[in-house]
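Encoded as structure tokens, the structure appears first; notes follow it.
Note that ligands are numbered from 1 as they come in the structure, with each ligand's atoms numbered from 1 the same way.
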Amino acid sequence: MTHNPPPPKLSLLPESAPFTPEQRAWLDGFFVAALGLSENGITALPPQDGAALMAGVGAAAEEDDGAPWHDQAMPLPERLKLAEGRPLRRRMMAAMGQQDCGQCGYNCQDYADAIFFKKEAKLNLCVPGGKETLRTLKVLHGEMGAPAAPALAPATPEPATESPQAKVAAGRSRDTPAEAAFVSRTLLNKPGSSKETWHIEFDLSSSGLDYVVGDCFGIFPTNDQTLVAAVIKALDAPADFPIGGRTFREVLTDGVSLGMAPDALFQLYSYIAGGERRQKAKALASGEDPDGDAASLDVLAAIEKFSGVRPDPEAFIEALEPLQPRLFSISSSLKSNPGRVALTVDTVRYRIGKRTRLGVASTFLGDRAAPGQRVKVYVQRAQHFGLPADPATPIIMIGPGTGVAPFRAFLHERMATKAPGRSWLFFGHQHRDYDYFYEDEFSGMRAAGVLTRLSLAWSRDDAQKFYVQDRMREVGRELWAWLADGAYIYVCGDAKHMAKDVERVLVEIVAQFGARSTDEAIAFVNDLKKRGRYQQDVY
Ligand SMILES: Cc1cc2nc3c(=O)[nH]c(=O)nc-3n(C[C@H](O)[C@H](O)[C@H](O)COP(=O)(O)OP(=O)(O)OC[C@H]3O[C@@H](n4cnc5c(N)ncnc54)[C@H](O)[C@@H]3O)c2cc1C
Ligand SMILES: NC(=O)c1ccc[n+]([C@@H]2O[C@H](COP(=O)([O-])OP(=O)(O)OC[C@H]3O[C@@H](n4cnc5c(N)ncnc54)[C@H](OP(=O)(O)O)[C@@H]3O)[C@@H](O)[C@H]2O)c1
């Protein structure tokens, strides 16, 4: 998933001028400022940026246009090592989560560039990168000199000002959410399943929002009230303590993340705790793990670890991260379900010690949102994930688990538009009897010819694991024939393992049935990607 590109900008330089994109951006900004022009989208960079930029010509020239660290499975230290000696903005990119997931509102490269060019002041937007990314970005940001703006998004609400984002229509970005009404949740797993995945519906009719299949839906969740109450109790603070015109409880409910405790919270404890606890708090604040429990310290566990130390509620809130929206692939089509958006959401719950931890957004949708409740939402337009323009083009969709979401949307769209193209879905999950999402719909679509082929893989029905890519191998010859006929191929779901394994098997299939060497098959698959015939929405 990648975000929408920024609006086209005024460029005063001819296309042929021999400048790197950074130099071009700085020069454009310089001319706009010097000539007193004002153009939405052009930011005149302060002189020191320009000087640094032009001084960096050598560095920019060294930069290659590849990003060998752009691999979400590669640990951060390795990514930084690969980026060593590169210009600062490239090292900033290497610090990102590398998923191009769009949750920050950018892809990884554009987020790094936006920070480097001081168009983005928030360093804490990378959800997959978490604390590790934030820590690294803070250090790299330090290399830029004095920050021009606060380095973090504020956790407490700021007074509304007329920002450039305010001009963006409501619901079109995370900065300008709209409101939609929660309609319903329906459990997709049958009793006996170890998963809990919900079909969720929202009513968009009063939000003015629309979307196309392939887009994602952003949700601003609220924290679980039991957790909020436990935090208030553990802090021994008054729930109605006033903070920025709201109460402590309200800010804890929808303003701040109660997930992993941020470094700033430990820093706060290091200022007010004494003795050994002060040293531990300091160590935790710098990413060390003095008691071997750092990975389990969410906000409540951190308060409990430093029980008896009582931070001021306002200072406490300031030390927390803002509660971020979460993205979900849209699993419906407006053409078959006007005014509605559907999602397919797997709830995150896991136990640490005596407490079950809850994924904030997935359990907000799975447990807490009430029918009719208005929720802050936005549509994140997909840039490189969508149906082919020609409805006759065959499509192959590989989506185990919740990865099936956008493909349900594709199929609904193709059914509603009577698209003549063939469709092939690979779906898989743990057990056929419990985890076969949308079984009736897919059977109906098979019978109606909307779904030409349906290939299933159940990973836990037999002694040995069997995954979608194992099924792909079995039908490799036909899969190759579809590709040779110009099919588009799509993958959605788990980024860390599944997407890579599927790609590996696709290369094997191309090599075997397309009579190519492995290198040629890799080049073939890369070419499919370049041409937009191999699209991924992985998270
Ligand atoms: C482009 C995109 C599309 C997406 N589409 C979908 C979709 O269609 N359906 C869907 O369900 N999700 C989807 N996601 C994922 C979704 O956005 C959320 O990340 C997911 O729902 C979890 O968010 P949460 O707020 O519930 O959990 P959070 O509060 O963010 O908690 C999740 C975190 O908990 C921790 N954690 C989780 N399990 C464990 C464990 N067992 N032990 C220790 N720690 C653990 C991890 O640190 C994890 O990052 C998508 C993500 C992206 C980026
Ligand atoms: N970024 C986030 O915060 C976030 C949040 C939620 C989910 N996710 C990711 O999104 C994925 C989606 O979760 P989900 O509930 O939809 O289901 P899932 O956990 O992806 O499982 C779906 C099916 O895929 C199988 N599978 C596991 N490893 C695989 C591999 N390497 N190749 C192919 N198939 C594989 C599973 O089998 P087995 O389980 O039997 O091995 C299961 O049958 C999760 O795996 C998780 O990594 C990320």
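Counting only N and O atoms by type, the side chains of Ser336 and Glu413 include no donor and acceptor under 3.5 Å apart. Of the N and O atoms on the side chains of Ser331 and Thr344, at least one donor lies less than 3.5 Å from an acceptor on the other residue. Checked by atom type, the side-chain pair Ser194/Tyr434 shows no donor-acceptor distance below 3.5 Å.
Centroid-to-centroid, the aromatic rings of Phe182 and Phe202 come within less than 6.0 Å. Less than 6.0 angstrom separates the ring centroid of Tyr438 from the ring centroid of His199. Here the two rings, on Tyr269 and Phe266, have centers that are 6.0 Å apart or farther.
Using a 4.0 Å threshold on non-hydrogen atoms, atom 29 (C) of ligand 2 counts as touching the protein. Checking atom 38 (P) of ligand 2 against the protein gives a heavy-atom contact under 4.0 Å.
Interface of Lys465 with ligand 2, defined as ligand atoms under 4.0 Å from a residue heavy atom, comprises 38 (P), 40 (O), 41 (O). Less than 4.0 angstrom separates some heavy atom of Asp346 from each of these atoms of ligand 2: 15 (O). Here is the list of ligand 1 atoms found below 4.0 Å of a heavy atom in Asp346: 11 (O). If you number the atoms of ligand 1 from 1 as listed, the ones under 4.0 Å from a heavy atom of Gln103 come out as 53 (C). Every atom of ligand 1 is numbered from 1 in the order shown, and the set under 4.0 Å from a heavy atom of Gly359 is 24 (P), 25 (O), 26 (O), 27 (O), 28 (P), 29 (O), 31 (O). Every atom of ligand 2 with a heavy atom of Met498 under 4.0 Å away is listed here by number and element: 30 (C), 31 (N), 32 (N), 33 (C), 34 (N). Of all the atoms in ligand 2, the ones that sit under 4.0 Å from a non-hydrogen atom of Gln430 are 39 (O), 43 (O). Less than 4.0 angstrom separates some heavy atom of Asp537 from each of these atoms of ligand 1: 1 (C). Of all atoms in ligand 1, numbered sequentially from 1 with element shown, those under 4.0 Å from a heavy atom of Val345 are 11 (O).
Annotation: atom 25 (C) of ligand 2 to nearest protein heavy atom, Tyr467 CE2, 3.6 Å. Ranking protein heavy atoms by distance to atom 33 (C) of ligand 2, first place goes to Gln469 OE1, 3.1 Å. At the shortest separation from atom 5 (C) of ligand 2 among protein heavy atoms lies Val348 CG2, 4.5 Å. Regarding atom 21 (O) of ligand 2, its nearest protein heavy-atom neighbour is His429 CE1, 4.0 Å. The protein heavy atom nearest to atom 13 (O) of ligand 2 is Thr402 OG1, 4.0 Å. Residue, atom and distance of the protein heavy atom nearest to atom 31 (N) of ligand 2 are Asp501 OD2, 2.8 Å. Considering only non-hydrogen protein atoms, atom 10 (O) of ligand 2 sits nearest to Tyr539 CE1, 3.5 Å.
Going from atom OG1 of Thr136 over to atom CG of Leu76 covers 4.5 Å, rounded to the nearest 0.5 Å.
With a 4.0 Å heavy-atom cut-off, ligand 1 is reached by the side chain of Tyr539 but not by its N, CA, C or O. Counting heavy atoms closer than 4.0 Å to ligand 2, residue Lys496 contributes nothing at all. Heavy atoms from both the backbone and the side chain of Val360 come within less than 4.0 Å of ligand 1. Contacts between Arg460 and ligand 2 below 4.0 angstrom, taking non-hydrogen atoms only, involve the side chain exclusively.
At under 3.5 Å, a nitrogen or oxygen of Leu327, whether backbone or side chain, sits near a nitrogen or oxygen of ligand 1. Every N/O-N/O distance between Thr363 and ligand 1 stays at or above 3.5 Å. The shortest N or O to N or O distance between Ala361 and ligand 1 is under 3.5 Å. Taking only nitrogen or oxygen atoms, main chain and side chain alike, Lys195 reaches within less than 3.5 Å of ligand 2. Below 3.5 Å of separation, one finds an N or O of Asp494 facing an N or O of ligand 2.
With distances taken over non-hydrogen atoms, the option nearest atom 22 (C) of ligand 1 out of Val538, Ile330, Val348 is Val348. The closest non-hydrogen atom to atom 53 (C) of ligand 1, taken over Gly97, Cys101, Gly130, comes from Cys101. Of the options Gly130, Ala361, Ser459, Gly401, the smallest heavy-atom separation from atom 22 (C) of ligand 2 is shown by Gly401. When the heavy-atom distances from atom 24 (O) of ligand 2 to Pro400, Ala457, Gly359 are ranked, the shortest goes to Pro400. Counting only non-hydrogen atoms, the option in Phe328, Phe364, Tyr350 that gets closest to atom 12 (N) of ligand 1 is Phe328.
In this pair, Phe427 and Phe442 present their aromatic rings tilted. The plane angle is within the 30 to 60° band. Classification of the Phe437-His429 ring pair by plane angle, with boundaries at 30° and 60°, yields perpendicular. Ring geometry for Trp480 against Phe524 counts as tilted: the plane angle lies between 30° and 60°, on a 0 to 90° scale. Relative ring orientation between Phe426 and Trp424 is described as parallel, the plane-to-plane angle staying below 30° on a 0-90° scale split at 30° and 60°.
In summary, Lys119 and Asp113 do not engage in a salt bridge, as defined by a charged side-chain N under 4.0 Å from a carboxylate O. The pair Asp254-Lys376 does not meet the salt-bridge criterion, since no charged nitrogen lies less than 4.0 angstrom from a carboxylate oxygen.
Looking at Arg432, Arg408, Arg446 one by one, the single match for salt bridge (charged side-chain N to carboxylate O under 4.0 Å, His left out) with Glu439 turns out to be Arg432. Of the listed residues (Gln72, Lys496, Gln103), just one forms a side chain to side chain contact (heavy atoms under 4.5 Å, CB included) with Pro128, and that residue is Gln103.
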Discussion item. side-chain contact (heavy atoms from CB on, under 4.5 Å), that's the test. Do Tyr490 and Ile396 meet it? Break it down for me.
Written reply: CA-CA 6 Å; Tyr490 299 87; Ile396 301 166; over 6 Å; no
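Atom NZ of Lys190 has more than 12 heavy atoms from other residues, nucleotides or ligands within 6.0 Å.
Remark: Lys529 qualifies as a cation-pi partner of Tyr534 under the 6.0 Å distance and 45° angle criteria applied to the six-membered ring.
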